[in-house]
Amino acid sequence: MTNTSKGMGAKLGHVKRRLKAEETLTGKHLELALNVVGNGSTGNELIDKIANKLQTRAFLI
């Protein structure tokens, strides 16, 4: 595994832990999560729902 992959894995791990702890994402964590799921117009209902909740800073429960 390359250093870039390890770094991205660590960043995604931070996002995952925050979501599991029901914390809102802000700053770079929110930006990373939105980059992963897109802006809510992918055509995939689940991914679009997640993106819309992230944009409104709602919890993903």
Side-chain angles (χ1 to χ4, degrees):
M1 186 179 284
T2 65
N3 286 339
T4 305
S5 298
K6 287 180 183 178
M8 182 58 73
K11 290 176 185 177
L12 292 172
H14 290 301
V15 170
K16 180 180 173 182
R17 281 189 291 281
R18 286 179 179 261
L19 292 174
K20 282 187 154 192
E22 297 183 14
E23 299 175 13
T24 55
L25 298 177
T26 58
K28 291 182 179 182
H29 292 115
L30 177 61
E31 185 179 331
L32 174 63
L34 288 171
N35 283 336
V36 171
V37 296
N39 63 1
S41 60
T42 64
N44 181 304
E45 185 178 341
L46 177 61
I47 292 176
D48 290 346
K49 185 176 179 181
I50 292 169
N52 291 331
K53 286 186 177 186
L54 285 172
Q55 289 173 356
T56 60
R57 291 189 165 100
F59 293 115
L60 296 175
I61 300 175

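Values below: all heavy atoms of this structure, side chains included; hydrogens, waters and symmetry mates excluded. Keep in mind that this is a model prediction, so the values were computed, not measured. Numbers here are sequence positions counted from 1.
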Distance check, rounded to the nearest 0.5 Å: [X] atom [atom1] versus [Y] atom [atom2]?
| X | Y | atom1 | atom2 | answer |
| --- | --- | --- | --- | --- |
| N39 | N52 | CG | CG | 8.5 Å |
| L19 | H29 | CG | NE2 | 10.0 Å |
| E31 | L34 | CD | CG | 8.5 Å |
| L30 | K28 | CG | NZ | 13.5 Å |

* Asked: Side chains of N44 and T42: is there a donor and an acceptor less than 3.5 Å apart?
  -> no

* **Option passing side-chain hydrogen bond (donor to acceptor under 3.5 Å, both in side chains) with H14 (candidates K16, R18, R17)** =>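 Answer to the side-chain hydrogen bond (donor to acceptor under 3.5 Å, both in side chains) test with H14 among K16, R18, R17: R17.
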
Smallest separation among heavy atoms of [X] and [Y], with atom names:
| X | Y | value |
| --- | --- | --- |
| V37 | I47 | O-CG2, 3.2 Å |
| A33 | L54 | CB-CD1, 3.7 Å |
| A51 | G38 | CB-O, 3.5 Å |

* May I ask you to test the L12-V36 pair for a side-chain heavy-atom distance under 4.5 Å? =>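 Counting from C-beta outward, L12 and V36 do come under 4.5 Å.
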
